[in-house]
Amino acid sequence: MQPIIESFLDIPTSTFSHVVYDREGGRAAIIDPVLGFDPTSGKTSLAPIAPILALIKAQGLEVEWILETHAHADHLSAAPPLKDALGGKIGIGARIIEVQNTFSRLLNLGPDFAKDGSQFDHLFADGENFMVGALRACALDMPGHTPADMAFVIGEHIFVGDTLFMPDVGTARCDFPGGDAPALYRSIKRLLAFSPGTRLYLCHDYPPSGRAPCAFTTVAEERHANIHVNDAVSLEQFVSMRENRDKTLAMPQLMWPAIQVNIRAGQFPQPEHNGSRYLKLPIDAPAS
Ligand SMILES: [Fe+2]
């Protein structure tokens, strides 16, 4: 049985969210939903999830899962408002605990921040099988961009998170704390070992001018044409390219807000005694 998939692009962050379901009136997973956030005013917005809510309602779907491919550094997760509205379990890779420990240290989060993944409803192990309604699904560890990246195989499609981008864009950066370029190469090879026609659904697209954003590509297209990691590229070549390129990249604009929220499964920190919530910004922080 193959999934029905609808993809939604958040233009400010170039992020694709995907809704995957088994049939009209059936059960669904929502992957990588985006909360609008203006870092200059601190205002949040539910506008990016409005079309997702509309689809779920129009198709009469029951949400079983809200899946995060990783703790994103470029957008805030909208998992909590979706869960409040629709139900479902928020899931992420079990190695999120490593990411929580790293950023707890970098942000000096203190004892109130649990570093055991307990903010999430489910932590996926590598190779763990699960169901989305009548659809068979499997979680695969994809370390490299971060230690906790996962891909979700649903039917014959794979939601790859930030491992691969479109062939003309390449691959995800590996210079965030816990990033590992050799690990990303091995993770990508694991994806590219699937059959050539397998569709790979992306978390982002940053198209060159003249090309419209694409939500998916295929194993065959990536093996043939990915500018960073096609079949002709060795581990050594990839690592050298990736590490040199990463030195040229600025931090994402929403890095610190996004990480603080996303390692809490999309929740903001607890309100302070005046009832307001605040985010931290480390000054001249060490790199790892
Ligand atoms: Fe990412």
### Message
Grouping I, L, V, M, F, W and Y whenever their side-chain heavy atoms are under 4.5 Å apart, do L86 and L46 come out in a common cluster?
### Response
yes
## Note on the structure
Residues F16 and C214: closest non-hydrogen pair is CE1-O, 3.0 Å
## Note on the structure
For A79 and A265 the tightest heavy-atom approach is CB-O, 4.3 Å
### Message
Nearest 0.5 Å, please: how far is CG in D74 from NE2 in H204?
### Response
3.5 Å
### Task
Would you please test V20 and L67 for side chain to side chain contact (heavy atoms under 4.5 Å, CB included) and show each step?
CA-CA 11 Å; V20 188; L67 302 174; over 6 Å; no
#### Entry: Check against side chain to side chain contact (heavy atoms under 4.5 Å, CB included), M251 and D175
CA-CA 10 Å; M251 282 292 118; D175 60 330; 4.0 Å; yes
### Query
What pair of heavy atoms forms the shortest contact from R23 to L61, and how long is it?
O-CD2, 3.4 Å
## Note on the structure
Shortest non-hydrogen pair, P80 vs I90, comes out as N-CD1, 4.4 Å
### Query
How far does CG of D32 sit from OG of S7, to the nearest 0.5 angstrom?
11.0 Å
### Task
State, yes or no, whether a side-chain contact exists between V19 and S17 at a heavy-atom distance under 4.5 Å.
no
### Task
Could you pull out all residues at least two apart from E98 that satisfy salt bridge (charged side-chain N to carboxylate O under 4.0 Å, His left out)?
R95
## Note on the structure
L202 meets the side chain to side chain contact (heavy atoms under 4.5 Å, CB included) criterion, sequence neighbours left out, with V160, M166, T217
### Query
How about K83 and D121: do any of their side-chain heavy atoms sit closer than 4.5 Å?
yes
### Task
Fit a plane to each ring of Y201 and H18, take the angle between them on a 0 to 90° scale, and name the class: parallel (under 30°), tilted (30 to 60°) or perpendicular (over 60°).
perpendicular
### Message
Measuring from atom NE2 of H145 to atom CZ of R173, what distance do you get when rounded to the nearest 0.5 angstrom?
### Response
8.0 Å
### Task
Using the side chain to side chain contact (heavy atoms under 4.5 Å, CB included) rule, take I263 and F113 through it: C-alpha gap first, then chi angles, then the decisive distance, then the call.
CA-CA 10 Å; I263 60 175; F113 174 68; 3.6 Å; yes
### Query
Backbone N or O of E62 within a donor-acceptor pair of the R27 side chain at under 3.5 Å?
no
### Query
Is there a chain of hydrophobic side chains (I, L, V, M, F, W, Y, each step under 4.5 Å between heavy atoms) that links Y21 to I158?
no
### Message
Under a 4.0 Å threshold between the charged nitrogen and the carboxylate oxygen, would R223 count as salt-bridged to D231?
### Response
yes
### Task
Flag the pair L254 / P39 as yes when at least one side-chain heavy-atom distance between them is below 4.5 Å, and no otherwise.
yes
### Message
Checking H70 against D162: is there a side-chain donor and acceptor pair closer than 3.5 Å?
### Response
yes
### Message
Assigning hydrophobic clusters by single linkage (Ile, Leu, Val, Met, Phe, Trp, Tyr; side-chain heavy-atom cutoff under 4.5 Å), is L235 placed with M142?
### Response
yes
### Note, P269 side chain near L279 side chain (heavy atom, < 4.5 Å)
yes
### Message
How long is the straight-line distance from SG of C138 back to CG of D126, given to the nearest 0.5 Å?
### Response
7.5 Å
### Query
Does a sphere of radius 6.0 Å around CD in Q2 hold more than 12 heavy atoms from other residues, nucleotides or ligands, not counting ones at 6.0 Å or beyond?
yes
### Query
Are M255 and L109 grouped together when hydrophobic residues (ILVMFWY) are joined by side-chain heavy atoms under 4.5 angstrom apart?
yes
### Task
Would you indicate whether the side-chain heavy atoms of Q100 and I97 approach each other to under 4.5 Å?
yes
### Message
For L249, is the CG atom crowded, meaning more than 12 foreign heavy atoms sit under 6.0 Å from it?
### Response
yes
### Task
Supply the atom-to-atom distance S104 OG to D112 CG, rounded to the nearest 0.5 angstrom.
10.5 Å
### Message
So, taking the atom named CG in N101 and the one named NZ in K115, what distance separates them when rounded to the nearest 0.5 Å?
### Response
6.0 Å
### Query
So F268 and F37, would you call those rings parallel, tilted or perpendicular, with 30° and 60° as cut-offs?
tilted
### Message
Under 3.5 Å, is there a donor on one side chain and an acceptor on the other for T171 and H228?
### Response
yes
### Task
Would you indicate whether the side-chain heavy atoms of H72 and C203 approach each other to under 4.5 Å?
yes
### Query
Does the distance from a Lys or Arg side-chain N to an Asp or Glu carboxylate O, for R211 and D205, drop under 4.0 Å?
yes
### Query
Can you say whether the rings of F124 and W65 are parallel (under 30°), tilted (30 to 60°) or perpendicular (over 60°)?
tilted
### Summary
In short, F238 meets V233 closest at the heavy-atom pair N-CG1, 3.8 Å
### Message
Check whether D149 reaches the backbone of P143 with its side chain - one donor and one acceptor, N or O, closer than 3.5 Å.
### Response
no
### Task
Work out which heavy atom in N262 is nearest to a heavy atom in S77; give both atom names and the distance.
OD1-N, 2.8 Å
### Non-hydrogen side-chain atoms of V63 and L82 separated by less than 4.5 Å
no
### Task
Give a yes or no on whether the backbone of Q260 and the side-chain of R264 come within a donor-acceptor separation of less than 3.5 Å.
yes
### Query
In the single-linkage hydrophobic clustering (I, L, V, M, F, W, Y; side-chain heavy atoms under 4.5 Å), do L200 and I227 co-cluster?
no
### Query
Do P282 and L106 have side chains that get closer than 4.5 Å, going by heavy atoms?
no
